[in-house]
Every structure is written in C-alpha cells, then in structure tokens.
Number of protein chains: 2
Amino acid sequence: MECMTARELAAAVAATYHAWMQTVEAARSTLAEHDLTAATFQALWLIDPGAPPPSMKVMAERLYCNASNLTFITNQLIERGLIERTVDPHDRRSRVLTLTVRGRQVREQVTQAAMAQSPLAMLTSAQQQQLTALLTSAFGRT
Amino acid sequence: MECMTARELAAAVAATYHAWMQTVEAARSTLAEHDLTAATFQALWLIDPGAPPPSMKVMAERLYCNASNLTFITNQLIERGLIERTVDPHDRRSRVLTLTVRGRQVREQVTQAAMAQSPLAMLTSAQQQQLTALLTSAFGRT
DNA sequence: GCAGATCCTTCAACTCTCGAAGCATAAGAT
DNA sequence: ATCTTATGCTTCGAGAGTTGAAGGATCTGC
C-alpha cells in the first residue's frame with residue numbers, strides 16, 4: 001500500500017519533471033534566436049501584458065528566486081529594451097515591471113513558438129484542461 | 001478556436017512549470033541537510049538502483065545537459081562518496097555510474113522526503129496515475 | 001589497418017544564484 | 001511627532017552551474 005502510493009507519486013513527479021524539461025529544451029533554439037536565456041525568458045513569460053504590472057517581489061515569487069537574483073534578471077531585460085522598471089506610486093519602496101512595446105512583441109512571438117514546440121502541445125485541448133485541473137488542484141498558485 | 005487552444009496550452013504549461021518548481025522548492029531544506037544541491041540531487045535521483053548502471057551519456061540525456069556539465073556534477077557526487085565511476089567493460093570509452101552503499105541510502109532518504117513534500121503528494125493515487133498517463137502520452141521518455 | 005564516429009574530459013568563459021550588508025520607504029508603537 | 005521595526009529593493013562578493021571548443025581514448029565500418 002504505502003509502497004504502491006510512493007511509486008505512483010514517484011512516477012508523477014518524474015513525468016512532471018520530464019514534461020517541463022522537454023518544454024524548456026524544445027524552446028532553446030527559439031530563445032537563442034531572440035537573444036534570450038531560459039532565465040530571462042521565464043521572467044518575460046511571467047509578465048502578463050493584460051494584468052497590472054507586477055512588483056519585483058511578486059515576480060521573485062513567480063520565478064521562485066530571491067530578490068537579488070531578480071534584480072539581476074530584471075537588469076538583463078531592461079538592457080535588452082524589453083521591460084521598464086518604475087517606482088510604484090502607492091509604495092515608493094516597490095518597483096513595478098512593465099513590458100515595453102517591443103517587449104510585448106517579443107514575448108508574444110517567443111511564447112507562442114515555445115508553447116507550440118512543447119510536448120504538451122501534442123495533447124488535445126481536453127487533455128490539456130484535464131492536466132491543468134489536476135495540477136492546480138495540487139497547489140495554491142495560478 | 002485557435003485562441004482557445006492556445007490558452008489551454010498556456011495554462012497547462014504554466015501549471016506544469018509551477019508544479020515542478022514547487023516540488024524543487026519544497027525539497028530545498030531536505031537537500032541542504034544532506035549537503036546536496038538541486039543539480040547533484042537530480043543526478044542522484046535519476047540513477048535507479050534497481051536498474052543496470054547508466055552511462056554518462058544516458059545520464060546527460062536524463063538531466064538534459066551536455067557531457068561536460070555532467071562530468072562536473074558527477075565529480076561532485078564522487079567527492080561526496082555517493083557514486084562511483086567505472087569503465088564499461090563492453091565499451092571502454094564509456095563510463096558507468098553506480099551508487100555506493102551510502103549513495104543508495106542517501107538517495108532513498110532524500111527522494112522519499114522530497115516526494116512527500118511535493119505538492120503532487122496532495123493528489124490521490126488515482127489522480128497521480130492519471131497525471132502520469134497524461135504526461136507520458138505527450139512525450140517519448142519514461 | 002585507416003578514417004571517421006563516439007564517449008568522455010579538460011579548460012576558459014560565461015550565466016545564474018545566493019547571502020550579507022545597506023539604503024530608502026512604510027507601518028506601527030509610544 | 002518620533003522612534004522602532006518591518007518591508008522592498010539594490011549592491012557586492014563568492015560560488016554553483018552551464019556551455020562550446022579542443023583533445024585523448026576507444027570503437028566501427030570500410
């Protein structure tokens with residue numbers, strides 16, 4: 001019993017690992033074309049152009065990294081002209097990240113390509129929904 | 001239509017990303033206790049003690065990294081006394097990685113703990129199986 | 001045997017990540 | 001108001017991880 005449960009969990013974790021790694025792997029050439037690394041792309045990806053611009057703190061949580069690391073990645077994206085960092089008027093300690101026009105374009109292009117190349121694109125729409133439902137039922141975030 | 005499909009794929013990829021990252025995040029303190037980093041742990045994890053010892057090449061594929069990177073990680077695990085690198089008698093170019101006794105113990109302990117702390121452990125056994133089935137239907141590897 | 005392929009290692013450069021220290025601002029206590 | 005504490009971010013220095021190019025050893029097919 002215990003043993004069976006553990007085995008199924010192990011398989012699920014392994015499958016999740018491979019799915020994510022293959023998604024990253026498949027995106028590699030596309031990222032390189034746009035002068036993005038995995039780290040900078042993930043940050044770009046996690047800024048939703050249709051939502052209020054996230055603070056550094058929020059972005060660090062989304063990227064599962066610490067504040068100083070995010071400062072580093074943010075600087076890269078700013079140097080490439082893809083995002084801007086502005087002071088949040090509601091809390092002047094906080095910096096808010098907004099996509100530039102070019103940032104929006106690049107983000108759109110690269111995420112589209114990356115998604116299409118992911119192994120998860122092989123699933124039907126219904127399967128994708130099922131997958132999302134399963135995974136989100138396991139944790140808190142979006 | 002196109003748009004809906006894309007949105008569902010995006011949600012599935014995002015969910016997979018968060019599931020994996022939270023699994024890694026949750027394991028952090030356990031890894032630190034055993035003097036393992038994420039990289040060394042993943043290598044340890046991906047050596048199945050019940051299977052013939054994998055070559056460097058196979059391990060590099062499992063870890064989605066290149067050969068020289070794997071040499072680096074392998075050296076770390078050897079220094080810690082967790083694995084051994086021996087010449088494959090069938091092909092003397094090839095090196096094969098075997099767990100030491102202590103390596104087997106540490107691997108068992110740490111993977112158990114890491115699995116248990118993963119958000120995927122919240123799912124029922126049936127859900128875990130369903131998840132594994134969905135993901136493995138999307139790609140080639142185990 | 002020879003030519004080319006394969007497996008691994010070394011090396012140097014680079015990217016990424018972290019923790020400690022510090023600055024500026026905000027929020028709460030007195 | 002002022003003082004204290006907490007929060008958000010940055011800087012810095014160190015270390016971990018990753019890469020590609022070059023090279024050595026071994027295998028494979030001709």
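Computed from heavy atoms alone, side chains included, the values below leave out hydrogens, waters and symmetry copies. Each chain gets a letter, A, B and so on, in the order the sequences are listed, and its residues count up from 1. Bear in mind the structure is a predicted one, so any value in this text is a computation, not a measurement.
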Inset, instruction - Please determine if B:Arg104 and B:Glu108 form a salt bridge, counting it only when a charged side-chain N lies under 4.0 Å from a carboxylate O. - result: no
Legend entry - Working for side chain to side chain contact (heavy atoms under 4.5 Å, CB included), residues B:Asp88 and B:Arg95: CA-CA 5 Å; B:Asp88 179 355; B:Arg95 308 297 137 97; over 6 Å; no
Legend entry - Nearest-angstrom distance from the residue atom CG of B:Leu77 to C1' of D:dA16: 14 Å
Legend entry - D:dC9 phosphate, OP1 or OP2, under 4.0 Å from A:Arg92 side-chain N/O: no
Legend entry - Nearest-angstrom distance from the residue atom CE of A:Met56 to P of C:dA24: 17 Å
Legend entry - A:Ser68, nearest nucleotide to its side chain (from D:dG17, D:dT10, C:dT9): D:dT10
Inset, instruction - Please state whether the phosphate of C:dT9, meaning OP1 or OP2, lies under 4.0 angstrom from any side-chain nitrogen or oxygen of B:Arg85. - result: yes
Legend entry - Nearest listed nucleotide, side chain of B:Asn69, among D:dT10, D:dG17, C:dC16: D:dG17
Inset, instruction - Name the residue closer to the 5' end of DNA chain D, choosing between B:Thr37 and A:Phe72 according to the nucleotide with the nearest heavy atom. - result: A:Phe72
Inset, instruction - Check every strand shown and say whether A:Asp91 touches a base, only sugar-phosphate, or nothing at a heavy-atom separation below 4.0 Å. - result: sugar-phosphate
Inset, instruction - Would you confirm whether A:Gln112, through its side chain, and A:Gln109, through its main-chain N or O, come within 3.5 Å as a donor-acceptor pair? - result: no
Legend entry - Pair A:His18 + B:Tyr64: ring centers closer than 6.0 Å: yes
Inset, instruction - To the nearest Å, give me how far apart CD (B:Glu25) and C1' (C:dT17) are. - result: 12 Å
Inset, instruction - For the residue pair A:Leu70 and A:Lys57, establish whether any side-chain heavy-atom pair is separated by less than 4.5 Å. - result: no
Inset, instruction - When you get a sec, tell me which of C:dC7, C:dC11, C:dT17 is the closest nucleotide to the side chain of B:Lys57? - result: C:dC7
Inset, instruction - With the side chain of B:Arg93 defined as its heavy atoms from C-beta on, choose the nearest nucleotide among D:dT26, C:dA20, C:dT9. - result: D:dT26
Inset, instruction - Answer yes or no: is there a donor N or O on one side and an acceptor on the other, between the side chain of A:Ser94 and the main chain of A:Asp91, under 3.5 Å? - result: no
Inset, instruction - For B:Ala67, report the nucleic acid contact type (base, sugar-phosphate, nothing); a contact means any heavy atom under 4.0 Å. - result: base
Legend entry - Whole-Å gap separating P (D:dC9) and CD1 (A:Ile78): 12 Å
Inset, instruction - Using a 4.0 Å heavy-atom cut-off across all strands, classify A:Ile73 as base, sugar-phosphate, or nothing. - result: sugar-phosphate
Inset, instruction - Mind checking B:Ser94 for me? I need base, sugar-phosphate or nothing, with any heavy atom below 4.0 Å counting as a touch. - result: sugar-phosphate
Legend entry - Given DNA chain C, 5'-ward residue of the pair A:His90 and B:Asn75, judged by closest heavy atom: B:Asn75
Inset, instruction - Can you tell me the distance, in whole Å, between the CG atom of A:Leu70 and the P atom of C:dT15? - result: 18 Å
Legend entry - Whole angstrom value for the distance that separates C1' of D:dC12 from CG of A:Asn66: 13 Å
Inset, instruction - Take B:Thr71 and A:Gln76, find for each the nucleotide of DNA chain C with the closest heavy atom, and name the residue whose nucleotide sits nearer the 5' end. - result: B:Thr71
Legend entry - Atom pair distance, as rounded to whole Å: CD in A:Gln42 and C1' in C:dC16: 12 Å
Inset, instruction - Write down the distance between CZ (A:Arg95) and P (D:dT10), rounded to a whole number of angstrom. - result: 6 Å
